[in-house]
Amino acid sequence: MKCKQATQLMSQSQDRDLTLKEKIQLKLHLLMCDGCTHCNRQMSIIRAAVKELGDRK
Ligand SMILES: [Zn+2]
């Protein structure tokens, strides 16, 4: 899997449930790729922040 695909899967995972195959591919990529691991972490921080804002409504 390429970094571009991995980032796509990460952003898609916010909108839909990934298939088991996609989850495994993404996880394997994250194990090997520091760049995407960092990116994934940033995304979950943003997601948590957005969720918190949403909860305050
Ligand atoms: Zn990557």
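Every number for a ligand or one of its atoms is a count from 1 in the order of the listing.
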**Request:** Using modelled atom types only, decide if a donor and an acceptor are shared between the side chain of His29 and the backbone of Met1 within a distance under 3.5 Å.
**Result:** yes
**Request:** Quick one: pull up SG in Cys33 and NZ in Lys2 and give me the separation to the nearest 0.5 Å.
**Result:** 12.5 Å
**Prompt:** In chain order, what residues pass the salt bridge (Lys or Arg N to Asp or Glu O under 4.0 Å) check against Lys51, with sequence neighbours excluded?
**Reply:** Asp55
**Prompt:** Within a radius below 2.8 Å of the Zn ion (ligand 1), how many protein N, O or S atoms are present?
**Reply:** 4
**Complete:** NZ of Lys4 to SG of Cys36, rounded to nearest 0.5 Å, is 13.0 Å
**Message:** With heavy-atom distances below 4.5 Å as the criterion, would you say the side chains of Gln5 and Gln25 are in contact?
**Reply:** no
**Request:** Answer yes or no: is there a side-chain heavy-atom contact under 4.5 Å between Gln42 and Ile45?
**Result:** yes
